[in-house]
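Read through the structure below, which is laid out as structure tokens, and then see the notes.
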Amino acid sequence: MKVRSFIAYILVMLTIVWAIATTSTAAPPVPPRPESPTESLRSLAAKRDFFIGGAVQPQLLQNDSTYREVFAREFNILIPENHTKFWRLHPERDRYDFSQADAIVQFANEHNIKVMGHALVWFHALPRWVVEGNFSREELMEILHDHIQTVVGHYRGQIYAWDVVNEPVEANGSFRETIWYKTIGPEYLDLALRWTREADPDTLLYINDYAEGLNSKSQSFYNLAKDLRQRGAPLDAVGFQTHLGFLSADNSEEVAENMKRYAELGLDVMITEMDVPIDKFSGTPEEQLEAQAKMYRDFLKICLDASNCNTLVMWGFTDRHSWLTGFTGSKDPLIFDKSYQPKPAYHAMWEELKGTD
Ligand code: XIL
């Protein structure tokens with residue numbers, strides 16, 4: 001018995017020595033686990049120097065960790081949906097409130113996300129003190145100058161692009177009759193652009209409207225941009241809102257044509273507020289989702305293909321939160337569903353950004 005157990009002991013020891021010798025020399029290293037089976041939209045976009053993003057709301061960034069994490073994972077540019085509008089930042093003549101917008105900018109900085117500001121001059125989202133102030137031309141110019149200097153100065157160096165004037169034209173070719181236009185005159189646009197450039201020389205300046213296709217409204221907008229350029233106003237780009245459920249033209253070929261003529265003026269185009277409600281399409285729910293995906297794909301493609309478009313921002317990113325729910329009642333216009341799962345539109349954009357390596 002003793003001899004047998006001694007032999008068994010020797011055999012076990014030999015096996016252990018052999019195992020140690022072979023694992024330390026011959027065995028291949030264990031491969032690291034793949035981090036994630038797919039890449040995000042933002043990582044694909046970054047490889048092509050492209051910006052893909054959405055509008056955000058600060059209270060959701062603060063209170064909904066999934067909202068925050070999905071946004072940071074997928075996007076490299078954002079627009080505050082409401083919190084850089086005039087009445088949010090400047091609620092009283094002598095009082096500014098940057099708290100909510102600052103929180104958005106801080107989130108963006110932490111995640112290396114670019115920020116676009118929206119909108120310094122607009123006829124909506126004005127505080128009562130502006131609308132009801134009965135100001136003279138000189139007073140309103142002074143108010144606008146102070147607003148731009150203070151807001152753009154506050155974020156100097158931190159804003160990738162400023163929407164300086166939002167929705168300046170009418171469909172019939174005329175200027176929109178806003179308080180700015182009526183009180184200051186058409187030069188309010190030149191002044192606003194110049195004051196923005198002075199307050200932050202390194203940010204891109206754009207005007208923004210639903211003027212994407214080829215029609216009388218987009219002609220007005222084009223003429224305005226051309227005049228501003230010719231007059232030497234500091235205008236770098238135009239924004240196409242791209243709300244494809246209403247107001248905006250959804251013919252992507254026309255939009256591609258329109259982008260081209262801005263390139264000839266030396267202007268970039270950014271898609272700034274894209275959304276595509278599902279009830280725009282007929283058919284089964286699956287067919288509607290596919291039609292929506294095709295539209296997101298087509299618009300991303302025309303921007304990728306254009307020489308002067310490198311930014312596509314959606315008006316939100318998850319169907320859980322869209323302004324259209326309260327505004328037109330139309331449904332599910334974005335690329336993540338209400339549970340933050342990617343929809344066919346997400347996959348279509350993913351493929352388009354991936355391209356053929
Ligand atoms: C909308 C916001 O999404 C809403 O939350 C708000 O109540 C009203 O404004 N064009 C624009 C945006 O330029 O500022 C608008 O945003 C949508 C239409």
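We count ligands from 1, going down the list as the structure has it; atoms in each ligand are counted the same way.
Using a distance-only test at 3.5 Å, with no hydrogens or angles considered, a donor-acceptor pair links the side chain of Ser216 to the main chain of Ala171.
Judged purely by distance below 3.5 Å, without hydrogens or angles, the side chains of Asn208 and Thr272 pair a donor atom with an acceptor atom. With 3.5 Å as the limit, one finds a donor-acceptor pair spanning the side chains of Asp146 and Tyr96.
Judged by the shortest distance from any of its heavy atoms, His243 lies inside the 4.0 Å radius around the atoms of ligand 1. At least one heavy atom of Trp315 sits closer than 4.0 Å to an atom of ligand 1.
The side chain of Trp122, and not its backbone, has at least one atom closer than 4.0 Å to an atom of ligand 1 (non-hydrogen atoms only; side chain from C-beta on).
Against a heavy-atom cut-off of under 4.0 Å, Glu81 is close to the following atoms of ligand 1: 2 (C), 3 (O), 4 (C), 5 (O). Ligand-side atoms of ligand 1 in range of Glu167: 10 (N), range being under 4.0 angstrom from any heavy atom.
In this comparison of Gln241, His124, Lys85, the heavy atom closest to atom 15 (C) of ligand 1 sits on Lys85. Heavy-atom proximity to atom 4 (C) of ligand 1, evaluated over Asp275, Ile79, Asn82, Asn208, is greatest for Asn82. Nearest to atom 18 (C) of ligand 1 by heavy-atom distance, out of His321, His118, Glu273, is Glu273.
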Would you please test Leu126 and Trp180 for side chain to side chain contact (heavy atoms under 4.5 Å, CB included) and show each step? CA-CA 11 Å; Leu126 289 173; Trp180 310 108; 3.7 Å; yes
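You'll find the ring centres of Phe75 and Phe51 outside the 6.0 Å limit.
Around the CZ atom of Phe246, the shell of radius 6.0 Å holds more than 12 heavy atoms that belong to other residues, nucleotides or ligands.
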